[in-house]
Protein chains: 2
Amino acid sequence: MTVSRVVSGEGYVSEITREKVLKVVKDLNYRRNGLARSLKRQFTETVGLVLGDISNPYSTELARSVRKTLVDEGFNLFICISENGSKEDIVAFESLSSHSVDGIIVATRSNEAGDRYLRNLVETNVPVVAIGRDFRHKNVDLVSPDNLKGGFEATRHLIDLGHRRIAFIGANLSSGSHLKRLQGYVNALESHSIPVDERLISGRSDELPDVAGYSTEDIGFEAMKRLLSLPNPPTAVFARNDFTAIGAMRAISDAGLRIPDDIAIVGFDDIPMAARISPSLTTVRQPMRVEGQIATEMLLERIKSGKRISRRERVLDCELIVRESSGSKRTN
Amino acid sequence: MTVSRVVSGEGYVSEITREKVLKVVKDLNYRRNGLARSLKRQFTETVGLVLGDISNPYSTELARSVRKTLVDEGFNLFICISENGSKEDIVAFESLSSHSVDGIIVATRSNEAGDRYLRNLVETNVPVVAIGRDFRHKNVDLVSPDNLKGGFEATRHLIDLGHRRIAFIGANLSSGSHLKRLQGYVNALESHSIPVDERLISGRSDELPDVAGYSTEDIGFEAMKRLLSLPNPPTAVFARNDFTAIGAMRAISDAGLRIPDDIAIVGFDDIPMAARISPSLTTVRQPMRVEGQIATEMLLERIKSGKRISRRERVLDCELIVRESSGSKRTN
DNA sequence: TGTTAAGATGTTAACGTTAACATACACTTC
DNA sequence: GAAGTGTATGTTAACGTTAACATCTTAACA
């Protein structure tokens with residue numbers, strides 16, 4: 001017990017004893033067993049972050065911001081990668097919860113089995129906050145960029161430039177109905193009385209696995225190729241994220257077409273590469289660092305209060321960053 | 001005990017009992033406490049990965065590869081960010097070791113205090129493997145790209161193109177003496193009888209904090225600006241990594257100079273952006289996925305054997321990827 | 001029939017901490 | 001000098017598992 005007091009620096013210990021203990025601690029290379037400590041204390045001062053796509057700079061900036069906010073409060077961060085697979089999601093949730101993290105921040109793509117497991121966790125009072133994804137539960141907070149408005153503005157930007165045949169890349173109308181960016185695209189078209197043409201909405205082909213990482217670039221590439229083979233291809237494209245946009249740009253260049261002269265393109269996220277590629281990519285910037293900070297603060301509040309707090313939702317404004325890839329006004 | 005047997009699926013349990021238990025497990029939303037389990041079993045089947053700079057695509061590819069190798073063996077992965085600070089390093093090591101991970105893979109920048117703590121861990125039989133960094137210990141494996149050869153070849157490439165005044169960006173000769181990429185640069189110059197000019201070796205200025213993330217781009221920017229203000233600026237630059245190179249490219253453009261015509265540039269890592277920027281960046285590609293896999297295999301071997309294994313070192317070949325930024329042969 | 005083996009379940013103790021309580025002493029205060 | 005306060009240390013039990021061992025039943029076999 002005296003050792004415990006010395007090591008944790010709490011309670012009364014005489015200077016002489018403290019020094020004796022510290023000497024032995026050093027001699028034996030003693031390190032306190034955190035498992036036993038956590039088991040007894042019933043908390044770990046550790047938070048888990050589950051990332052669906054760690055290759056996306058969006059995720060890493062998020063992670064850095066989460067970590068920064070956590071350490072200021074004396075919490076540790078463990079990051080798990082799920083690669084946006086439902087099985088992997090569950091493994092990540094499982095390993096975090098079995099290590100008794102005090103709370104979990106989830107930034108994966110929504111999927112049925114994963115969501116079910118997550119719901120289960122929440123039911124047993126594990127504090128959870130979701131970032132940038134769908135998850136409705138009365139005790140789970142959500143922090144998200146305004147994907148609807150972002151998608152709307154990206155599309156409106158293209159409409160304002162004179163485009164009428166505008167494609168969406170990265171999801172299908174059927175499977176992506178929940179995708180707010182797609183919905184924003186549809187809304188923008190409709191509010192300008194442009195009919196939505198389902199052939200211009202191009203998700204991944206069945207050949208490509210729905211994987212995470214830079215491979216989403218391939219989805220954009222494949223989807224764009226299909227669009228280009230249409231009898232009447234689009235003059236502009238809005239991609240669900242920057243990697244998809246960059247893949248699409250590759251397909252456009254490969255086809256011998258010019259950006260933005262032949263086809264204009266807008267992405268989403270504003271990853272660092274967007275500003276550096278040629279032509280530079282017009283995109284919608286989402287405030288990743290703010291998202292991470294707010295989500296962490298919400299989670300810490302849940303953890304510290306120990307009570308069930310009812311759902312809060314924070315939707316953060318995005319910013320349209322106009323660069324070269326969308327071009328200037330058309331005069332068809 | 002019977003519940004334990006049902007949940008872990010080991011030992012004899014009758015079908016009837018198993019079903020009864022499973023029903024109650026479900027009704028009570030019971031989840032096994034991993035802390036207690038690990039405390040008793042004395043292992044966690046979890047591995048920690050400490051990343052110095054999670055914003056670098058190099059790190060994330062590494063992490064994905066490590067995770068993939070681990071899950072095949074039934075292990076979990078917890079990632080910690082250290083932001084390449086010695087205090088943060090220690091916090092990461094501490095939180096991983098106190099959670100009793102079975103082993104740690106370290107991919108941070110070397111620093112004295114962090115290394116001391118790490119050495120301490122190793123002395124208490126925590127299996128450790130280092131990736132792409134300096135760390136000599138008789139029980140720690142090292143997996144690394146061949147930075148020496150990579151630096152040599154990058155520099156030789158510039159020499160072969162006719163350059164004589166070649167700068168190095170990203171470290172100082174004094175503080176970076178351990179930096180193999182810098183050493184490779186020096187060796188290449190010397191083997192071509194080009195004197196090493198210390199003014200052409202440009203690290204970060206004291207104004208810039210030595211931080212991780214995309215801010216390393218700023219280090220390249222600042223360092224290049226200083227080089228450009230020299231009475232006799234270099235005609236070529238080898239940067240310690242791609243972000244630094246990209247920052248340098250920005251400084252060159254800002255000064256109204258052309259790449260590669262006025263100044264040629266070579267980076268290191270081959271991050272995805274390198275191929276996409278304009279002009280595309282000549283760089284040295286390191287086999288990140290292979291590094292992650294080998295390191296993980298080495299670590300698992302240590303974990304499974306439970307014995308002290310003496311140090312092994314794997315140095316992996318890099319590949320020079322020639323793109324636009326280094327230009328073609330000079331005819332001065 | 002007795003012997004052996006396999007199947008099923010239960011009991012005990014231990015993993016390494018710390019909260020809570022107990023004890024002891026020195027020193028102040030009225 | 002009795003009571004109270006602060007300091008220092010010790011004891012006990014509990015956190016939730018599971019390895020190891022013990023017990024009991026049933027089936028199989030010579």
Side-chain angles (χ1 to χ4, degrees), chain A residues 1-46 48 74-76 93-103 120-121 123-126 303-304 306, chain B residues 1-46 48 74-76 93-103 120-121 123-126 303-304 306:
Chain A
M1 197 56 225
T2 299
V3 173
S4 173
R5 277 192 268 259
V6 171
V7 172
S8 65
E10 280 175 14
Y12 293 116
V13 184
S14 75
E15 203 43 51
I16 306 155
T17 317
R18 152 170 286 113
E19 268 162 32
K20 271 197 249 171
V21 170
L22 285 177
K23 184 178 179 331
V24 177
V25 160
K26 192 159 188 190
D27 287 353
L28 299 181
N29 220 333
Y30 165 84
R31 221 168 310 112
R32 177 168 64 187
N33 183 316
L35 294 181
R37 178 174 158 90
S38 299
L39 178 60
K40 172 67 183 151
R41 308 213 317 168
Q42 302 286 58
F43 62 87
T44 53
E45 285 177 315
T46 300
F75 276 72
N76 292 317
F93 296 149
E94 209 159 24
S95 76
L96 286 172
S97 81
S98 90
H99 275 266
S100 305
V101 293
D102 295 337
N120 217 322
L121 279 186
E123 301 294 344
T124 51
N125 287 318
V126 178
I303 292 171
K304 286 177 181 166
Chain B
M1 197 54 224
T2 299
V3 173
S4 173
R5 277 192 269 258
V6 171
V7 172
S8 66
E10 281 175 14
Y12 293 117
V13 184
S14 75
E15 202 44 50
I16 306 154
T17 317
R18 153 170 284 112
E19 269 161 31
K20 272 197 249 172
V21 169
L22 285 177
K23 184 177 177 334
V24 177
V25 160
K26 193 161 187 189
D27 287 353
L28 299 181
N29 220 333
Y30 165 85
R31 222 167 312 111
R32 177 170 64 189
N33 184 316
L35 295 181
R37 179 173 157 90
S38 300
L39 178 61
K40 173 65 183 153
R41 307 214 314 170
Q42 303 286 61
F43 62 88
T44 54
E45 284 177 317
T46 299
F75 277 72
N76 292 315
F93 296 148
E94 209 160 24
S95 75
L96 286 171
S97 82
S98 89
H99 275 265
S100 306
V101 293
D102 294 338
N120 217 322
L121 280 186
E123 301 294 344
T124 51
N125 285 318
V126 178
I303 292 171
K304 286 175 180 168

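Here is how names work: the chains are called A, B, and so on, in the same order as the sequence lines, proteins then strands, and each is numbered from 1.
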**Message:** From CD of A:Glu15 over to P of D:dT7, roughly how many Å is that when rounded to an integer?
**Reply:** 14 Å
**Request:** Give the rounded distance in Å between these two atoms: NE2 of A:His99 and P of D:dG16.
**Result:** 17 Å
**Request:** Would you indicate, yes or no, if D:dT18 has its OP1 or OP2 atom less than 4.0 angstrom from a side-chain nitrogen or oxygen of B:Ser8?
**Result:** no
**Request:** Using atom CZ of A:Arg5 as one end and atom P of C:dT17 as the other, report the distance to the nearest whole Å.
**Result:** 15 Å
**Message:** Taking only side-chain N and O atoms of B:Ser4, does any of them lie within less than 4.0 angstrom of OP1 or OP2 on D:dT18?
**Reply:** yes
**Request:** State whether A:Thr2 places a side-chain N or O below 4.0 Å from either non-bridging phosphate oxygen (OP1 or OP2) of D:dA8.
**Result:** no
**Prompt:** D:dG16 phosphate, OP1 or OP2: any side-chain N/O from A:Gln42 under 4.0 angstrom?
**Reply:** yes
**Prompt:** For A:Arg31 and C:dC15, what is the distance between atoms CZ and P respectively, to the nearest whole Å?
**Reply:** 19 Å
**Fill in**
Whole-Å distance, A:Leu39 CG to C:dC15 C1', equals 9 Å
**Closest approach of A:Leu121 to B:Arg31 (non-hydrogen atoms, all atoms of both residues)** = CD2-NH1, 3.1 Å
**Request:** Starting from P on D:dT17, measure out to CG on B:Asn33 and report it in whole angstrom.
**Result:** 5 Å
**Message:** Applying a 4.0 Å non-hydrogen cut-off, can you work out what B:Arg18 is touching in the nucleic acid: base, sugar-phosphate, or nothing?
**Reply:** nothing
**Flag if over 12 foreign heavy atoms under 6.0 Å of NZ, B:Lys304** = yes
**Prompt:** Does the side chain of B:Thr17 get closer than 4.0 angstrom to OP1 or OP2 of C:dA8 through an N or O atom?
**Reply:** no
**Asked** D:dT18 phosphate, OP1 or OP2: any side-chain N/O from B:Arg37 under 4.0 angstrom?
**Response** yes
**Message:** Heavy atoms from C-beta onward define the side chain here; which of C:dT18, D:dT17, D:dT9 lies closest to that of A:Arg32?
**Reply:** C:dT18
**Item:** Length of the line joining A:Lys20:NZ and D:dA8:P, which is rounded to integer Å
**Value:** 13 Å
**Gap between atom CG of A:Leu96 and atom CG of A:Asp102 - 0.5 Å precision** = 11.5 Å
**Message:** Counting only side-chain heavy atoms from C-beta out, which of D:dT9, C:dT9, D:dC15 sits nearest to B:Val13?
**Reply:** C:dT9
**A:Val6 to A:Arg18 - nearest heavy-atom pair and separation** = CG2-CA, 4.0 Å
**Request:** Ignoring backbone atoms, test whether B:Tyr30 places a side-chain nitrogen or oxygen under 4.0 Å from the OP1 or OP2 oxygen of D:dT17.
**Result:** yes
**Message:** Please determine whether a side-chain nitrogen or oxygen atom of B:Ser14 lies at a distance below 4.0 Å from atom OP1 or OP2 of C:dT9.
**Reply:** yes
**Asked** Closest to the A:Tyr12 side chain: C:dT18, D:dT9, C:dG10?
**Response** D:dT9
**Request:** Please tell me which of the listed nucleotides, C:dT18, D:dT17, C:dA8, lies nearest to the side chain of B:Lys40?
**Result:** D:dT17
**Check against side-chain contact (heavy atoms from CB on, under 4.5 Å), B:Arg37 and A:Ser98** = CA-CA 9 Å; B:Arg37 179 173 157 90; A:Ser98 90; over 6 Å; no
**Message:** Nearest whole Å is fine: how far is C:dT17 P from A:Arg41 CZ?
**Reply:** 13 Å
**Request:** Would you check if the side chain of A:Thr44 reaches a backbone N or O of A:Ser38 as a donor-acceptor pair within less than 3.5 Å?
**Result:** no
**Message:** If you assign each of B:Met1 and B:Ala36 to its closest nucleotide in DNA chain D, which residue comes earlier from the 5' end?
**Reply:** B:Ala36
